[in-house]
Amino acid sequence: MKKGDHLFLVDGSAYIFRAYHALPPLTRKSDGLPIGAVSGFCNMLWKLLQEARDTSVGVTPTHFAVIFDHSSTTFRNEIYPEYKANRDAPPEDLRPQFAIIREATRAFDVPCIEKEGYEADDIIASYAREAVAAGGDVTIISSDKDLMQLINDNVIMYDTMKDKRVASAEVIEKFGVGPEKMIDLQSLAGDSTDNIPGVPGIGPKTAAQLLEEFGDLETLLERAGEIKQNKRRENLIEFADQARLSKRLVTLDVNTPLDVPVEDLALNSVDGPKLIAFLKGLELNTLTRRVAAETEADAAAIDASEISADGYEQRGPDFDAPAESASTEGGSTPSGLVEKVTAAMAAMPVDTSAYETVRDEAALQSWIDAAHEAGVVAVDTETDSLDAMQAQLVGVSLAVAPGKACYIPLGHMSGEGDMFGGGLVADQIDRNRALEMLKPLLEDASVLKIAQNMKYDWLLLSRPENGGIHIAPFDDTMLLSYVLDAGRTKHGMDALSEAILGHTPISYKDVAGTGKSAVSFAQVEIDKATAYAAEDADITLRLWKILKARLTAEGMNTVYERLERPLVPVICRMEARGISVDRQILSRLSGELAQKAAAIESEIYELAGRKFNVGSPKQLGEILFDEMNLPGGKKTKTGQWATGAQQLEDLAAEGHDLPRKIVDWRQLSKLKSTYTDALPGFINPQTKRVHTSYAMASTSTGRLSSSDPNLQNIPVRTEEGRKIRTAFVAEPGFKLVSADYSQIELRVLAHVADIPQLKQAFADGIDIHAMTASEMFNVPVEGMDPMIRRQAKAINFGIIYGISAFGLANNLGIGRSEAGDYIKMYFERFPGIRDYMDSTKKFAKEHGFVETIFGRKAHYEEIRSSNPQVRAFNERAAINAPIQGSAADIIRRAMVQMEGALGEAKLNAEMLLQVHDELIFEVPEAEVDETITLVTKIMENATMPVMQLSVPLQVDARAADNWDEAH
DNA sequence: TAGAAAACGTA
DNA sequence: GTACGTTTTCTAG
C-alpha cells in the first residue's frame with residue numbers, strides 16, 4: 001500500500017440488513033432459498049468493482065475488503081452488558097443469507113474479514129488507520145453514522161444505495177459537527193438502536209450545540225455547572241459517567257489486531273468462471289450475463305456451484321443458535337417432515353415375500369421405467385467378494401418405493417462344489433445385456449440413485465468389464481448416517497435398519513452360511529437371494545427417506561454435499577488405480593527379517609534358559625516375572641503380566657538383556673508378518689498393483705481409515721521399517737510425489753483456540769515446538785537444548801490429545817506432579833488454550849457433540865457419564881475431535897478439488913493414497929515440478945473460498961522413485 | 001471357530 | 001493423553 005492507492009472497505013454486516021429491508025424479497029427459483037440481500041450485495045459488489053470511477057466516489061479501488069461482524073458479543077459487552085442488547089434476532093429468511101454473502105465475497109475474490117470479539121466497525125477503523133499511515137486513501141462503503149468518526153482528509157464514506165459521498169462537509173451538514181467530534185456527539189446523544197445510553201434529554205441537536213459551545217465532551221462535563229437550563233445541567237452532572245461510558249462504547253478501536261495485513265487486500269482481477277459458477281448457483285441470471293460479458297467467459301459452459309443454506313454456513317458466525325424449526329406440524333417444516341416420514345416408514349411393514357425376481361429383459365425394462373417414473377431408485381449389487389476390485393457381479397436389486405423392490409439375478413451358479421462347474425442357473429438375464437440396459441438409468445441425471453455404501457457399488461460398476469458405469473447422481477445412506485450420527489451409532493445397514501426402522505433384515509449369514517460352510521453369493525438359491533437382496537434395496541430406500549429429511553432438518557446438508565458425497569468418486573478412482581509394490585524388494589526384506597529374527601530368537605532362549613513362544617505375551621510374562629523374578633512387573637487389566645514395549649524398555653534400562661532382545665524381536669516379527677509377508681498377497685493379479693480400501697464412515701472424527709491392506713500405517717519411524725516404503729514404487733517414466741501438511745493439527749488449534757503466539761509463530765514460519773519451549777521455559781530459541789524442545793513438543797501433542805498429567809508423565813518418563821507443573825506453566829503462557837479446552841468440554845457436555853470448523857459433528861454422549869474414567873476419556877476425545885476432524889475436513893476438501901485442478905492444468909498426475917495429512921501421487925516425470933506447485937497450492941488453499949484460516953497452511957512436497965525417498 | 005486381549009504400526 | 005487396522009495368542013463356547 002502506497003501513496004495513490006485506494007482502499008475500499010465494505011461494511012458487510014450493515015449492508016446485509018439494509019439490503020434486506022430496502023430491496024424487494026427475492027428467492028431462488030428452483031427451491032425458494034431466500035436471496036434478496038445476497039442478490040443486492042452481489043450487484044453492489046460488482047458495480048463497485050467495475051464502475052466505482054463513474055460514481056460520486058470517482059476513483060478505482062486498488063485494495064478492497066468486505067468486513068463482517070463475527071459474533072454478537074464483543075469487548076463492548078464486557079464494559080456494558082446491555083450493549084446492543086435490544087437487538088431483535090435477524091428475520092428467519094435473512095439468516096441463511098449471512099453465510100451465502102460471505103461465500104459471495106469469496107466468489108468475487110475479495111477478502112472476507114471478520115474477527116472474534118470485534119465488530120466490523122473496529123476492523124474497518126483499524127484498516128483505515130493503517131492504510132492512511134501507509135499513504136493511501138480510504139473509502140468506507142457504509143452509511144452508518146458510527147463510522148463517521150473515521151472521516152478525515154484521506155477517509156470518506158460512500159452510500160451505494162443513494163450514490164452519496166459522505167465527507168467532512170456532509171457530516172457537518174447533517175450533524176452540525178465535524179467527523180472529529182462525532183464520538184463526543186454520540187456519547188452525549190446516545191443511540192437507541194445500539195442501546196448506547198448517552199445523557200438523558202440530550203439528542204443530536206443539543207449535543208451539537210453543546211459541543212459547539214464547549215469544544216469537546218470532557219470540557220463540557222467539567223464545566224457542566226455553567227449550563228443555564230436546569231434539567232440539562234443536572235443531567236449532565238448526574239450522567240457524566242454514563243456519557244464517558246458511552247464514549248468508550250462508540251469509540252472505534254483503531255488498533256484491532258489484523259489477521260490479514262492491509263497489503264494483502266490488494267485487489268485481484270475477477271475470476272470470471274468462478275464467479276459465474278457461483279452466480280449461476282444462485283440463479284442470478286442478469287448479473288451472470290453481465291459478468292460473462294465483461295470477463296468474456298462462456299457462461300453456458302460453466303457449471304453452477306452448489307449453494308445451500310444449511311450446514312456450517314447456516315450456523316455462520318452471525319447467530320448463535322442452529323437453525324431449528326419450531327413448528328412440527330403437517331410436515332411443512334424440515335423437522336415436521338422427519339416425523340411424518342418416519343411414521344410413514346414405520347407404518348409399512350417389510351414383507352420379504354413380496355419382492356419380484358426379474359428373469360427377463362421385459363421385466364427388467366419395466367423396473368427401469370418405474371425407476372425413471374419415480375425419479376429415485378435404491379440400488380444394491382450382490383457379488384462374491386467384499387473387495388470391489390476383484391468381486392464378480394452376481395445380481396442387482398432395485399427399489400423404487402418402500403416395499404416395491406426386485407432382484408435381478410445375473411451370475412448365480414448351480415452345483416455344490418463349484419470346482420467343476422455347475423454352470424449358470426437358467427432364467428437369468430445375460431449379465432452384459434442387463435448392464436447395458438441399466439447403464440443409462442444409473443447415469444441418468446434426472447434419476448437419483450441411492451445405495452448403502454455407494455463406494456462399493458460405484459467402484460464395482462465402474463470397472464470396464466462391468467460396463468464402465470459411472471453412477472450419478474447419487475445419495476449414500478451410510479454417509480448420511482455418518483454425517484448425522486458420527487460417534488453416536490454405527491452406520492452399517494443392519495444397524496441402521498434396527499435403529500431407525502426397528503426392523504431386523506435377513507442376515508447375510510442366513511443366506512450364505514458362515515465359517516467353513518459359507519458359500520459364495522453365486523451359490524445362493526435365487527429365491528433366497530431375492531428376499532435378501534431386494535430387502536436390502538427396500539430398506540436402503542426407506543432409510544434414505546428418513547435420513548435425507550433429517551439432513552435438512554438438522555442443517556447438515558453442506559457437510560454431506562461438500563465433504564462426503566463428492567469424495568466418493570474421488571476415492572473410488574484412487575482405489576481403482578492402486579499403487580505399484582515391488583514384490584522382489586519385499587521378499588528380500590522378508591528373508592532378511594526372518595534371519596535376524598531367528599538369530600535373536602536363539603539368544604532369547606539362551607537368556608531365558610528354555611524355549612518358549614516368544615510371540616506369546618503370556619508366556620513371556622511368566623518367564624520374566626515368575627521364573628526370572630525381574631522387578632517392577634505390572635499386571636494388565638485381565639491380571640496377566642504386562643509386557644508392552646515401555647515395560648520392556650524400563651527393564652532394559654536397568655541392565656537386563658532379555659527384554660531388549662524381545663523388543664528387537666517383536667519389531668522384526670511385526671514388520672515381517674504385517675508388512676513384508678502380507679503385502680504381496682494384496683497385489684491384484686489383473687492390475688499387478690495394491691488396491692487399499694478406504695472406509696469413509698468408520699471414524700468418529702471425519703478421518704478416513706484404510707484396510708485390506710492398511711496403507712496408512714506403513715512404517716516410517718525406524719530405519720528398518722522404512723525399508724518397506726522403498727517397495728512402494730512409481731512405474732517407469734513416473735515419480736511418486738508425496739505432499740504433506742506441516743503441523744496441520746497445531747495450526748488448526750492455533751486458529752480455533754485463537755492463540756496469538758501460535759498464530760504469530762506460524763505466520764513467521766518459526767519452529768513451533770522451539771517457540772513453545774522458549775515461551776514456557778524462558779530460553780532463547782537459538783541454541784536450544786534439544787531435550788527442552790522435546791518436552792515442549794510432547795506437550796504440544798498432549799494438548800491436541802486433551803492432555804492429562806498422567807499421560808504426559810508417561811510420555812516424557814517424568815513424575816505425575818512434574819508433568820502437572822508443566823501443564824500449569826503451559827496454561828499460564830497460553831491461557832487461550834485452557835479457555836478453548838474448557839469451552840469445548842462445556843459445549844460437548846451441553847450438546848452431546850462437538851463440531852469441526854466445517855460443521856462436521858462428532859458425538860460424545862458418554863461425556864455425561866457418572867463414571868469419572870469414562871467421562872474423562874470422552875472429554876479428551878471431545879477436545880481432540882474438532883482439531884483432528886477439522887484437519888480431516890481440510891484434506892477432504894483438497895482431495896475433492898484436486899482432480900479438477902489437475903485436469904484444468906492439463907496435468908496427468910494421479911492421486912493414489914491419503915495418509916491423514918499426506919497425499920501421494922503418481923506423476924509423469926516431465927510434469928513433476930508443475931504438479932508439485934499445483935498440488936501444494938490446492939492443499940494450502942483447501943479451506944478457500946469458504947473459509948480463511950487465521951494461520952497459513954504449509955505443505956511440503958517432493959518427488960522420488962519410491963515412497964521412502966519421496967516422503 | 002469366533003471374538004477378546006495384547007501388542008504395535010501410522011497420523 | 002487422540003484417531004485408526006492388523007497380527008498373534010488365548011479363551012470361551
Side-chain angles (χ1 to χ4, degrees), chain A residues 486-487 509 514-518 612-621 635-648 662-663 665-679 681-682 692-695 698-718 720-722 724-725 740-746 749 794-812 816 819 823 837 850 858 860 869 872-885 887-888 891 913-918 967:
Chain A
K509 286 176 186 168
T514 174
K516 217 179 125 194
S517 55
F612 68 103
N613 184 346
V614 187
S616 164
K618 187 162 176 276
Q619 295 179 35
L620 175 65
K635 296 281 181 84
T636 67
K637 62 180 169 216
T638 51
Q640 272 194 47
W641 290 112
T643 67
Q646 189 57 57
Q647 284 290 306
L648 299 181
I662 300 285
V663 169
W665 182 90
R666 279 186 180 164
Q667 194 207 1
L668 299 175
S669 83
K670 174 84 177 177
L671 294 177
K672 183 168 186 293
S673 66
T674 309
Y675 304 105
T676 60
D677 286 354
L679 277 173
F682 285 102
T692 183
S693 175
Y694 288 103
S698 75
T699 72
S700 50
T701 55
R703 274 190 177 181
L704 302 178
S705 75
S706 155
S707 65
D708 310 294
N710 180 354
L711 295 186
Q712 290 179 324
N713 71 344
I714 302 302
V716 71
R717 293 201 232 256
T718 64
E720 199 70 33
R722 264 202 305 279
I724 291 163
R725 291 199 170 211
D740 67 300
Y741 283 108
S742 158
Q743 307 284 12
I744 188 167
E745 295 191 346
L746 277 174
L749 175 70
I795 295 172
N796 275 335
F797 275 98
I799 294 295
I800 291 174
Y801 299 152
I803 204 150
S804 74
F806 181 81
L808 183 64
N810 262 342
N811 188 288
L812 284 176
R816 258 207 57 167
I823 294 170
M837 293 176 116
V850 290
Y860 295 97
Q869 281 209 346
F873 175 79
N874 278 272
E875 285 175 353
R876 291 193 297 271
I879 288 168
N880 173 256
I883 303 170
Q884 188 186 116
I891 198 167
L913 302 177
Q914 188 251 42
V915 191
H916 308 308
D917 65 358
E918 175 187 15
H967 182 73

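Letters A, B, ... mirror the listed sequences (proteins, then strands); counts begin at 1. As a basis for the values below, the full set of heavy atoms in this structure was taken, side chains included, without hydrogen atoms, waters or symmetry mates.
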Length of the CD-P vector between A/E875 and C/dA3, whole Å:
13 Å
Reckon A/E918 touches a base, only the sugar-phosphate, or nothing at all at heavy-atom distances under 4.0 Å?
nothing
Whole-Å distance separating the CG atom of A/L749 from the P atom of C/dT2:
16 Å
Return the value, rounded to whole Å, for the distance between atom CH2 of A/W665 and atom P of B/dA6.
18 Å
Check the phosphate of B/dA5 against A/K618, side-chain N and O only, distance under 4.0 Å to OP1 or OP2. Yes or no?
no
From the candidates C/dC4, C/dG1, B/dG9, the one with an atom nearest any side-chain atom of A/S705 is C/dC4
Would you say A/T638 places a side-chain N or O within less than 4.0 Å of OP1 or OP2 belonging to B/dA5?
no
Flag the pair A/T676 / A/L671 as yes when at least one side-chain heavy-atom distance between them is below 4.5 Å, and no otherwise.
no
Look at the side chain of A/N811 and decide which nucleotide, out of C/dA3, B/dT10, C/dG1, has an atom nearest to it.
C/dG1
Rounded to the Å, how far apart are A/Y801 OH and B/dT10 C1'?
10 Å
Under 4.0 Å between any heavy atoms, over every strand shown, what does A/A872 touch: base, sugar-phosphate, or nothing? Just pick one.
nothing
Under 4.0 Å between a side-chain N or O of A/R717 and OP1 or OP2 of B/dT10?
yes
Is A/S698 near enough to C/dC4 that one of its side-chain N or O atoms lies under 4.0 angstrom from OP1 or OP2?
no
Any side-chain heavy-atom pair from A/Q884 and A/N880 closer than 4.5 angstrom?
yes
To the side chain of A/N710, which of B/dA11, C/dG5, B/dA2 is closest?
C/dG5
Can you see whether A/S705 engages A/T699 through a side-chain donor-acceptor pair at a distance of less than 3.5 angstrom?
no
Looking at every strand, decide which applies to A/I714 at a 4.0 Å heavy-atom threshold: base, sugar-phosphate, or nothing.
sugar-phosphate
Under 4.0 Å between any heavy atoms, over every strand shown, what does A/Q619 touch: base, sugar-phosphate, or nothing? Just pick one.
sugar-phosphate
Heavy atoms only, 4.0 Å cut-off, all strands: where does A/D708 land among base, sugar-phosphate and nothing?
sugar-phosphate
Identify whether any heavy atom of A/A642 sits under 4.0 Å from a base atom; if not, whether one sits that close to sugar-phosphate; answer base, sugar-phosphate or nothing.
sugar-phosphate
Which part of the nucleic acid, if any, lies within contact of A/A794, taking any heavy atom under 4.0 Å across all strands shown: a base, the sugar-phosphate backbone alone, or nothing?
base
May I ask you to verify if any side-chain N or O of A/T636 is less than 4.0 angstrom from the OP1 or OP2 atom of B/dA5?
no
Could you list all the salt bridge (charged side-chain N to carboxylate O under 4.0 Å, His left out) pairs where at least one residue sits in residues 795-806 of chain A, not counting sequence neighbours?
none
Under 3.5 Å, is there an N or O donor on one side and an acceptor on the other linking the side chain of A/N713 and the base of B/dG9?
yes
For a quick check of understanding: with a heavy-atom distance under 4.0 Å over all strands, which category does A/G798 fall into, base, sugar-phosphate or nothing?
base
Rounded to whole angstroms, how far apart are CG on A/L668 and P on B/dG9?
10 Å
In whole Å, what is the span from the CD1 atom of A/I724 to the C1' atom of C/dT7?
14 Å
Looking only at side-chain N and O atoms, does A/S700 come under 4.0 Å of OP1 or OP2 in C/dC4?
yes
Applying a 4.0 Å non-hydrogen cut-off, can you work out what A/A805 is touching in the nucleic acid: base, sugar-phosphate, or nothing?
nothing
Would you say the side-chain atoms of A/S706 and A/T692 include a donor-acceptor pair closer than 3.5 Å?
yes
Indicate, with a heavy-atom threshold strictly under 4.0 Å, whether A/I803 touches base, sugar-phosphate, or nothing.
base
Between P on C/dG1 and CD on A/E745, what's the gap in Å once rounded to a whole number?
18 Å
Could you tell me how far apart A/Q647 (CD) and B/dA7 (P) are, to the nearest whole angstrom?
9 Å
Lys/Arg N to Asp/Glu carboxylate O, A/E745 vs A/R703, below 4.0 Å:
yes
Side-chain atoms of A/H967 come closest, of C/dG5, B/dA11, B/dC8, to B/dA11
Is there a side-chain contact between A/R703 and the phosphate of B/dA11, meaning an N or O under 4.0 Å from OP1 or OP2?
no
Cation over ring face, A/K618 and A/W641, 6.0 Å, 45°
no
Do A/K670 side-chain and B/dC8 base share a donor-acceptor contact under 3.5 Å?
yes
Do A/S804 and A/R816 have a side chain donor and acceptor closer than 3.5 Å?
no
Which part of the nucleic acid, if any, lies within contact of A/S804, taking any heavy atom under 4.0 Å across all strands shown: a base, the sugar-phosphate backbone alone, or nothing?
base
Contact class for A/F806 (heavy atom, under 4.0 Å): base, sugar-phosphate, or nothing?
sugar-phosphate
With the side chain defined as heavy atoms from C-beta on, A/R666 is closest, among C/dT8, B/dA7, C/dG5, to B/dA7
Is the shortest side-chain N/O distance from A/S616 to OP1 or OP2 of C/dT8 below 4.0 Å?
no
OP1 or OP2 of B/dG9 less than 4.0 angstrom from a side-chain nitrogen or oxygen of A/T674, does that happen here?
no
Winner on side-chain proximity to A/P715, out of B/dT1, B/dG9, C/dT8, is B/dG9
What contact category does A/S669 fall into here, base, sugar-phosphate, or nothing, at under 4.0 angstrom with non-hydrogen atoms?
nothing
